[in-house]
Amino acid sequence: MKNRFNFIIFAFILLLTSCIKDKAQEEEKVSVVLTFNTRSVSETYDTDSGEGIQSIRVIIAQNGTVVKNEYYPELSYNASLSSRTFTIFDVPVGNADFYIIANADKSGITDWTPYNVGQTPSFDLLTRHVMTTANGIVEPPFPIAQQFLNQSIRTNGQELNFSIIRSVVKLNFMFTNKSDKDITLEQIKLGTFVPDKTFLFPQKSRPVDLNYHPLNMNNINQAVQAGTSFMKTVYIYENTVTDTDAYTVAIVVDGYTYEPLSLNLTSITRNTQINIKMTITPSNVGLSYIVADWTNTPVTIPPFD
């Protein structure tokens, strides 16, 4: 009887020790080194002005509850970098979901208290919209966001590398004057494929209340000498228009409006760039384009044929 009693006591001690150990493991916290890169960038280059990472907000959730909401402000020298590294302390050990927003102050979200530590939101961040200005052009810096689910946090000083995705499309208009006289590029006109909003985080779908409209870039008034070129860059949000006729580009030169030329597209994905080459000759205007990854390799205007 005594041996049986001793066995029960021993088993109870083992169970209690195990519970204490499990509890300690649950409460264990470590530091995590996070590096954020804009997708499709070379570590050799920084981004163009306004295109990269300025500020960073990191929201970490475990089991649907926020355990970290950290904000790292813009660097003192107002940099716009392709990569930034931070150390976050006291991250609970376990699997975690990361919600990363660079340049969050440009997202239109001003109240971050629903995502404070201890909150259990439905993470409507994934359905939050970012809006354009009235004409549809997005001015840099712009939000760069991505979610990373079920990340394993186990060791102190653990390093994680995340590629975050710009919310915009980069349009490079490369205008070449191959005529024998100086001309003035007055306007660039885009068809009805410029959206007024998109999701903050990348999604397969588009917002249900999304509207598309044409975009007239008036008052460019850029003199382009004979045999020279000019490039203008603008940013818009990603888009998917069922009407392929919507994807057009037209220009106004010296008071004359050239007929819209088709891009033959049905969608443009965020974080890509489209290089649109327009060439004026003595008889007409020609157009060619290419959709490419958004890299840090400088876009150059090809030499004349």
Side-chain angles (χ1 to χ4, degrees), residues 19-39 41 43 47 51-130 141-168 198-203 270-271:
C19 291
I20 293 173
K21 184 178 180 180
D22 289 344
K23 186 67 175 176
Q25 289 177 337
E26 289 176 4
E27 294 179 348
E28 183 181 356
K29 296 182 179 181
V30 296
S31 62
V32 180
V33 180
L34 303 178
T35 297
F36 307 104
N37 297 288
T38 53
R39 189 172 68 88
V41 299
E43 293 300 323
T47 58
E51 291 182 353
I53 300 170
Q54 294 189 357
S55 62
I56 283 275
R57 184 173 292 276
V58 181
I59 298 173
I60 306 175
Q62 291 181 331
N63 300 317
T65 300
V66 177
V67 296
K68 284 287 179 181
N69 184 341
E70 302 282 347
Y71 178 71
Y72 298 86
E74 189 174 322
L75 292 177
S76 59
Y77 54 87
N78 195 30
S80 184
L81 303 176
S82 62
S83 177
R84 291 191 69 176
T85 299
F86 305 97
T87 298
I88 297 185
F89 298 95
D90 298 327
V91 179
V93 168
N95 290 346
D97 298 331
F98 287 74
Y99 299 85
I100 315 299
I101 309 100
N103 311 330
D105 55 330
K106 304 299 182 180
S107 67
I109 301 174
T110 56
D111 181 12
W112 294 95
T113 56
Y115 314 105
N116 282 347
V117 173
Q119 298 291 334
T120 55
S122 60
F123 285 98
D124 63 339
L125 275 173
L126 300 183
T127 56
R128 295 294 291 265
H129 298 164
V130 285
F142 27 71
I144 310 172
Q146 183 62 296
Q147 59 172 323
F148 303 91
L149 305 180
N150 203 31
Q151 301 294 308
S152 178
I153 307 300
R154 294 290 180 265
T155 59
N156 196 50
Q158 183 173 344
E159 297 182 5
L160 295 175
N161 292 282
F162 295 136
S163 293
I164 54 180
I165 298 177
R166 299 179 184 94
S167 61
V168 297
T198 192
F199 289 120
L200 172 59
F201 283 80
Q203 303 286 349
R270 71 172 60 194
N271 206 60

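By convention here, the first residue in the shown sequence is residue 1.
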Report all side-chain donor-acceptor pairs from residues 148-155 shorter than 3.5 Å, counting only partners two or more places apart or in another chain.
{"unit_1": "N150", "atom_1": "OD1", "unit_2": "N95", "atom_2": "ND2", "d": "3.2"}
{"unit_1": "Q151", "atom_1": "NE2", "unit_2": "L149", "atom_2": "O", "d": "3.2"}
{"unit_1": "R154", "atom_1": "NH1", "unit_2": "G94", "atom_2": "O", "d": "3.4"}
{"unit_1": "R154", "atom_1": "NH2", "unit_2": "N95", "atom_2": "OD1", "d": "3.4"}

If I take atom [atom1] from residue [X] and atom [atom2] from residue [Y], how far apart are they, to the nearest 0.5 angstrom?
{"X": "I109", "Y": "H129", "atom1": "CD1", "atom2": "NE2", "value": "11.0 Å"}
{"X": "Q146", "Y": "T38", "atom1": "CD", "atom2": "OG1", "value": "13.0 Å"}
{"X": "I100", "Y": "E70", "atom1": "CD1", "atom2": "CD", "value": "11.0 Å"}
{"X": "L200", "Y": "R128", "atom1": "CG", "atom2": "CZ", "value": "8.5 Å"}
{"X": "N271", "Y": "I165", "atom1": "CG", "atom2": "CD1", "value": "6.0 Å"}
{"X": "R166", "Y": "E51", "atom1": "CZ", "atom2": "CD", "value": "6.0 Å"}

Hey, does [Y] have a side-chain heavy atom less than 4.5 Å from the side chain of [X]?
{"X": "I88", "Y": "K68", "answer": "yes"}
{"X": "R270", "Y": "T198", "answer": "yes"}
{"X": "I144", "Y": "S167", "answer": "no"}
{"X": "Q147", "Y": "L126", "answer": "yes"}

For the residue pair [X] and [Y], confirm or rule out a side-chain donor-acceptor distance under 3.5 Å.
{"X": "D111", "Y": "T113", "result": "yes"}
{"X": "N37", "Y": "S163", "result": "no"}
{"X": "N69", "Y": "Y99", "result": "no"}

For a quick test of reading the model, state the closest non-hydrogen atom pair linking [X] to [Y] and the distance between them.
{"X": "P143", "Y": "S107", "result": "CG-CA, 3.8 Å"}
{"X": "I53", "Y": "N103", "result": "C-OD1, 3.9 Å"}
{"X": "R57", "Y": "A104", "result": "CB-CB, 4.2 Å"}
{"X": "N156", "Y": "S31", "result": "OD1-N, 2.8 Å"}
{"X": "L34", "Y": "F162", "result": "CD2-CE1, 4.0 Å"}

Out of F98, Y115, Y71, which one pairs with I59 under the side chain to side chain contact (heavy atoms under 4.5 Å, CB included) rule?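 The passing option is Y115.
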
I101/W112 under side chain to side chain contact (heavy atoms under 4.5 Å, CB included): CA gap, chis, key distance, verdict: CA-CA 12 Å; I101 309 100; W112 294 95; 4.2 Å; yes

Side chain to side chain contact (heavy atoms under 4.5 Å, CB included) assessment of L160 paired with V32: CA-CA 7 Å; L160 295 175; V32 180; 4.0 Å; yes

In chain order, what residues pass the side-chain contact (heavy atoms from CB on, under 4.5 Å) check against V67, with sequence neighbours excluded?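 Result, side-chain contact (heavy atoms from CB on, under 4.5 Å) vs V67: I60, Q62, P92.
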
Under the side-chain contact (heavy atoms from CB on, under 4.5 Å) rule, collect the residues that match up with F86, sequence neighbours excluded.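 Residues passing side-chain contact (heavy atoms from CB on, under 4.5 Å) with F86: F36, I56, Y72, R84.
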
